[in-house]
Asks: 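I'd like to ask you about the structure that follows.
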Amino acid sequence: MSAKYQEFSKLNLPEIEQEILAKWDASQAFEQSMSLREGAPHFVFYEGPPSANGMPGIHHVISRTLKDLVCRYKTMQGFQVKRKAGWDTHGLPIELGVEKELGITKEDIGKKITVEEYNQKCREAVMRFKDKWDDLTRKMGYWVDLSDPYITFDNSYIETLWWILQQLFNKGLLYESVSIQPYSPAAGTGLSSHELNMPGTYKNVKDTSAVVMFKAIENDRSKFLFEAARVNGEEQPEIFFMAWTTTPWTLPSNLGLTVGAKINYVLVETLNPYTHIPVNVVLAKDLIGKYFKPEGENLPIGSYKEGDKILPWTIIAEFTGADIEEARYEQLMPYEANSAAAAGGDPFRVLVGDFVTTEDGTGIVHTAPAFGADDFKVGKKYGIGILTMVDKQGKFVDGLGEFSGRYVKDYKDEKGYVDVNVDISVKLKKENRAFKIEKYEHNYPHCWRTDKPVLYYPLEAWFIKTTALRDKMVELNKTINWKPKSTGEGRFGNWLENMVDWNLSRSRFWGTPLPIWKTEGEDNIEFKCIGNIEELNSEIRKANEVLGGDVNKNYLHEGILDLHKPYVDEIVLVSASGRPMKRVPDLIDVWFDSGAMPYAQWGLDYDKLKAGDPRPFKAPFNVSFPADYIAEGVDQTRGWFYTLHAIASLLYEEVAFKTCVSNGLVLDKDGNKMSKRLGNVVDPFKTINEFGADATRWYLVTNASPWDNMKFDLEGIREVQRKFFGTLFNTYQFFALYANVDGFAFKEQYIPLAERPEIDRWIFSSLNTLVAKVKASLDDYEPTQAGRAIEEFVGEQLSNWYVRLCRRRFWKGEYEHDKICAYQTLYECLEKISLLMAPISPFFSDRLFNALNEVTGLRQERSVHHVLFPVSDNAAVDASLEERMQLAQDICSLILSLRKKVNIKVRQPLQKVLIPVLDPAMKAQILKVEDLIKSEVNVKELQYLTEDSGFIKKKIKPNYIALGKKLGPKMKAVAAALGSFTQDDINRLEKEGSISLLIDNEPLILQANEVDITSEDIPGWMVANKDSLTVALDITVTPELISEGNARELVNRIQKIRKDNGYELTDRIMVQLTDHQELKGSIAQFNTYICAEILADKLELVPELPDGTEIEVNDIPLKVFVTKKA
RNA sequence: UGAUGCUUAGCUCAGUGGUCAGAGCAGGUGCCUUAUACGCACAAGGUCAUCGGUUCAAACCCGAUAGCAUCAACCA
């Protein structure tokens, strides 16, 4: 323990941080922050695993600051907070990175490079930037246990995922199905959404589009259409539903027509423009204009002659989509391969779907479930079956007549490729089944590798039936505390409501394999889902015994050593009926990896597993589920937040986290997204090295609410550094300077609050109010509020008011009661601040705390992060005291503003200030701070004007809040009436407590408490107002006042000379001045004052001073000669 | 296209159903020196995105529009 408070030459945050980091390392401060809380209640935090495959960016600093500050705060609240780090190690970005590095594509894997080698590369690549991440973690002061992280590619991690999948499989929540996915026939592979979002994949292309006519069959639902046509005179009317398609090749696979329930449709009697046969067609009313000209309306059909430009048409019925639901139609292009039986459902019906619009087409959507996600969904809902009349090479299957074997798009760059879409259109035209054929330009996705158009194609995939738990998940979500609320209720809640089953399958190489084996062939398929390594090993041996030969020969001895591809794929298992089973080649979605971290981070406990424990995970899972708190970027809403929630709901019908903070994006200072391409990425290392992690963290937290997108500007960090840390640092420096002089080490008895001066009690009250506010804000996960409150206190209350007003107490007089009060008060403020700010800025707070504590030894703890958070002392909070100090600050500000207006500097004393006081309470309040105001603004007296002094001009306004409900619409009239009140009217109202008005010829009694009376003017005086406060200043400068002003000015000049001469604070001086008529009186009168201020024994007036310094005192030139007294 | 959020001073952000809309920074003016010019004080700066509605009263509540952002989707 050193006897002196450390003084610094200059604030250097990065340097302080280096020092603190070394100290933390040496003392194992982080480990201690947990071990000191052994046995205390847990606060559970989950770390969302980052991928160490890329460099960390500044946006990682914000979410990690949020994580860290809550964990530190909860530790200070007495909780034990363990935080295990984790790494996300699987997934497409890693694979793509490796492909790029090796210069290969997906197709080359298994050919140019073995899967084994490839996965080895991935395993190496995944931790490429781990050092950088660890470095950032350390430098930004993020306390997380990096020594024992969970890693998603570890066997034990994958094993836990398998166990979970097995649970879901056993519950029937894991199933195989088809889903419609983007697929590139040219490349023979499915495309991920990532690949589809690559630049240049969407291109404008011209395709043959067709409006085709599906012939309606008369039934219950369509009867009214036929009757309408018959009324119109036709005996055997033909009615057609018109639908538009840009992909005519999907027409042989058509199984339905989808309409919008609320869209208005019409039945139109007209002619087919190609065949000129009279027809009746159904389309959306809004789209009539697209196909028919207004001139043709209601023209008789018979009037049309071939070659006419105008097609006659007549609306003969009007109805909504809901009216024709379940109507039926004839198949458009029947062949042997696409029969209703082949579709496996009840096709050729009119369906209702919410995706239908009337923006283009006909308002009726041709629905081929195999080739569109919406089509598939609505088709499934209605059970119309599915037809996939195109194979994986992109050509029509056999059994489609003349179209069999033809490619639906030019995937092969065939010479003389004839567009099959055109042929289909021509055929339909001839058959009176096409209404309009034209080229249509639209935006369509293309395979980024082959440049050929993508098709949406049904592919086999494994799904988790999350929809089965939807209601439960929605219900559980309501118990989660979301910050901000809108993320949980809106974005997340909405997502849950519209959730679809989770497509787990990924056809890649580096990831968690799906642990499902299945028998080959189409009949009696048997499945086996493996749940742990031991089970797999025993199944391996069993298969070898049953199937014999070389089956699994490489895995018999040691069992399986790596759960990745290609090893798992080599393993053959045996089904219950004795047939060989091969693994489903899929990997699972990496989001499952991270969503399962609450369980997999600990791994499986075989003892519990064998005992049939439903939660067979290693300790400390039992005390680490669910999480009290998680925090990530808002982009994780449908990522990690969802998968955590989904898995916990599926397994245990519980939440995985109780509070979730989702932070917004970090944009550059102009509001653009940071991207490498634009070169506007902020390097977190550079930022921290230059400005310090504390300033960066403080800026990120206080600049904007974390969930708003923030525009990141280094200028803002600079400001924080200067304004907040600079001020706080200076306040400490001030304290240290004098405390060292006086040897203050908090050795004296703690002086009770009641015995301290008013200003001390005030800053204490204010401090405790702050403590309460900070605690409330942090408890509510609102760190921005907390940080801003601390800033405000340090800048305005502590530094700029308390210290400024109290300066003299620290250097004047003996080391006794008042001085000790001042030291104790300032010390406690500084110490509490160090505690309050510790969660947000862990370094400087620790430095400040220790700088103080190393001298006084008041605390046992060696780090601020081990101390319990302060508790607000209600007894110290005095609202009335805070109010009157605020009053004093406001009054001072008003007086300064008046001085400025008339250009009278503060050093010039003025005689008096007038303050109208309308009630005795206000006067009492100001009286208590009168001295303070007088010295602060250099005024000799405060005069209170009460109403009877006659000086005040009052103003009256309705009290809108009180009167609003009572008066309602009469409010305006009353306001006008009050506006025309005379001073006498106001006085009478005040005296009598009420007044009667005539509003709209009705009498109305107004009570005194229903109006606001203020005094905004004092006739003849210069006034300034703030809210209801009014201040007038007497700006008369009498000769006496000038004289005193001169004296003060002189003091000020001589002080400057002292400083220039480099004298010590305590040096006494001798002063010679040239005699000057105008100053003579002043110097004589204020001689004692001047001498006391400048530490001179006397002032000597001489006629000439050749060696003196020339100065000016209020424009009076003179010379002074100052020497240090020996 | 949908969901969600944002839009207030030149910039970064507060703000509450109550009649003059706030702070910091930048810019302006004036002040130094026994903590701090990396400071202090004062003044100026606004169509609260636009348009409608509810209300005695709207920056605030509601509805539409526009722009930005994220996520999801992408379609006939």
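All figures in this text were calculated on a predicted structure; none of them were measured in a lab. Reminder, nothing fancy here: chain letters follow the sequence lines and each chain counts from 1.
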Asks: Which nucleotide, in any strand shown, forms a Watson-Crick or G-U wobble pair with B:rG5, with both distances under 3.5 Å?
Replies: B:rC68
Asks: Please give the distance between the C1' atoms of B:rC25 and B:rC61 as a whole number of Å.
Replies: 33 Å
Asks: Can you tell me if A:Trp707 touches the phosphate of B:rU70, counting only side-chain N or O atoms and a distance under 4.0 Å to OP1 or OP2?
Replies: no
Asks: In whole angstrom, what separates A:Ile961's CD1 from B:rU19's P?
Replies: 8 Å
Asks: For B:rA3 and B:rU8, measure between their P atoms and round to the nearest Å.
Replies: 24 Å
Asks: From B:rU70, B:rC31, B:rA35, pick the nucleotide closest to the side chain of A:Arg907?
Replies: B:rC31
Asks: According to the Watson-Crick and G-U wobble definitions, with both distances under 3.5 Å, which nucleotide is paired to B:rU55?
Replies: none
Asks: Rounded to whole angstroms, how far apart are CG on A:Asp1012 and C1' on B:rG18?
Replies: 10 Å
Asks: Within the stacking criterion (centroid distance below 5.5 Å, interplanar angle below 30°), does A:Tyr960 stack on B:rU19?
Replies: yes
Asks: Is there a side-chain polar atom (N or O) of A:Asn703 under 4.0 Å from OP1 or OP2 of B:rC13?
Replies: yes
Asks: Report the distance from atom CG of A:Asn1114 to atom C1' of B:rG30, rounded to the nearest whole Å.
Replies: 15 Å
Asks: Whole-Å distance between B:rA26 P and A:Ile717 CD1?
Replies: 16 Å
Asks: So, does A:Arg722 get its side chain near the phosphate of B:rG39, meaning an N or O under 4.0 Å from OP1 or OP2?
Replies: yes
Asks: For a quick test of reading the model: is some side-chain N or O of A:Tyr456 closer than 4.0 Å to OP1 or OP2 of B:rC75?
Replies: yes
Asks: OP1 or OP2 of B:rA41 less than 4.0 angstrom from a side-chain nitrogen or oxygen of A:Asn800, does that happen here?
Replies: yes
Asks: Is the distance from the ring center of A:Phe712 to that of A:Tyr699 below 6.0 Å?
Replies: yes
Asks: Searching all strands shown, indicate the nucleotide that pairs with B:rG39 (Watson-Crick or G-U wobble; both distances under 3.5 Å).
Replies: B:rC31
Asks: Using the C1' atom on both, measure B:rC60 against B:rA49 and round to a whole Å.
Replies: 15 Å
Asks: For the P atoms, the ones on B:rU47 and on B:rG63, what distance do you get once it is rounded to whole angstrom?
Replies: 27 Å
Asks: Just how far, in rounded Å, is P of B:rG24 from CZ of A:Arg788?
Replies: 13 Å
Asks: Under 4.0 Å, heavy atoms only, any strand: does A:Gln733 hit a base, just the sugar-phosphate, or nothing?
Replies: nothing
Asks: So which one's nearest nucleotide on RNA chain B is more toward 5', A:Lys900 or A:Gly726?
Replies: A:Lys900
Asks: Would you kindly give the OH-to-P distance between A:Tyr827 and B:rA35, to the nearest whole Å?
Replies: 22 Å
Asks: What are the two closest heavy atoms between A:Val365 and A:Ala243, and how far apart are they?
Replies: C-CB, 4.5 Å
Asks: Regarding A:Trp698 and A:Glu791, is there a side-chain donor-to-acceptor distance under 3.5 Å anywhere?
Replies: yes
Asks: Do A:Thr487 and A:Ser662 have side-chain atoms, one donor and one acceptor, less than 3.5 Å apart?
Replies: yes
Asks: Could you state the CG-P distance from A:Asp890 to B:rA41, rounded to the nearest angstrom?
Replies: 13 Å
Asks: Using both distances under 3.5 Å as the test, list the Watson-Crick or G-U wobble partner of B:rA26, or none.
Replies: none
Asks: Taking for each residue the nucleotide of RNA chain B bearing the nearest heavy atom, is the 5' side occupied by A:Met971 or by A:Tyr738?
Replies: A:Tyr738
Asks: Considering every strand and a 4.0 Å limit on heavy-atom distances, what is the contact class for A:Asp374: base, sugar-phosphate, or nothing?
Replies: base
Asks: Atom CG of A:Asn663 and atom C1' of B:rG5: how far apart are they, to the nearest Å?
Replies: 14 Å
Asks: Using the C1' atom as the point on both nucleotides, what is the distance between B:rG46 and B:rG15, in whole Å?
Replies: 14 Å
Asks: Counting Watson-Crick and G-U wobble pairs only, both distances under 3.5 Å, name the nucleotide matched with B:rA14, or none.
Replies: none
Asks: What's A:Arg804 touching, base or sugar-phosphate or nothing? Going by heavy atoms closer than 4.0 Å.
Replies: base
Asks: Taking pairing as Watson-Crick or G-U wobble with both contacts under 3.5 Å, can you name the mate of B:rC75, or confirm there isn't one?
Replies: none
Asks: Please confirm whether the shortest side-chain N or O distance from A:Ser893 to OP1 or OP2 of B:rA41 is below 4.0 Å.
Replies: no
Asks: Scan A:Ser897 against the nucleic acid and name what it touches under 4.0 Å (heavy atoms): base, sugar-phosphate only, or nothing.
Replies: sugar-phosphate
Asks: Less than 3.5 Å apart, any donor N or O on the side chain of A:Asn938 or A:Gln908 sitting next to an acceptor on the other?
Replies: no
Asks: Between B:rA14, B:rC32, B:rC40, which nucleotide has the shortest distance from any of its atoms to the side chain of A:Lys905?
Replies: B:rC32
Asks: Could you tell me whether A:Lys723 contacts a base, only the sugar-phosphate backbone, or nothing, with contacts defined as non-hydrogen atoms closer than 4.0 Å?
Replies: sugar-phosphate
Asks: Please determine, for the side chain of A:Trp495, which listed nucleotide (B:rU36, B:rC6, B:rA72) has the closest atom?
Replies: B:rA72
Asks: Taking atom types as modelled, find out whether A:Thr250 and A:Thr247 have a side-chain donor-acceptor pair closer than 3.5 angstrom.
Replies: yes
Asks: Looking only at the side chains, is there a donor atom on one of A:Thr367 and A:Asp375 sitting less than 3.5 Å from an acceptor on the other?
Replies: no
Asks: Between the side chains of A:Asp374 and A:Tyr456, is a donor N or O closer than 3.5 angstrom to an acceptor N or O?
Replies: no
Asks: Name the pairing partner of B:rC48, where a pair is Watson-Crick or G-U wobble with both distances under 3.5 Å, or state none.
Replies: none
Asks: Take atom C1' in B:rC38 and the same atom in B:rG24, then report the distance between them in whole Å.
Replies: 15 Å
Asks: Do the ring planes of A:Phe214 and A:His366 sit parallel (below 30°), tilted (30 to 60°) or perpendicular (above 60°)?
Replies: parallel
Asks: Using the C1' atom as the reference point in each nucleotide, state the distance between B:rA44 and B:rU29 in Å, no decimals.
Replies: 10 Å
Asks: Taking atom types as they are modelled, is there a donor-acceptor pair under 3.5 Å from the base of B:rU34 to the side chain of A:Lys812?
Replies: no
Asks: What integer number of Å spans the P atoms of B:rC68 and B:rC75?
Replies: 23 Å
Asks: Which nucleotide, if any, forms a Watson-Crick or G-U wobble pair with B:rA21, using both distances under 3.5 Å?
Replies: none
Asks: Nearest to the A:Ser705 side chain among B:rU12, B:rC32, B:rA14, which nucleotide is it?
Replies: B:rA14
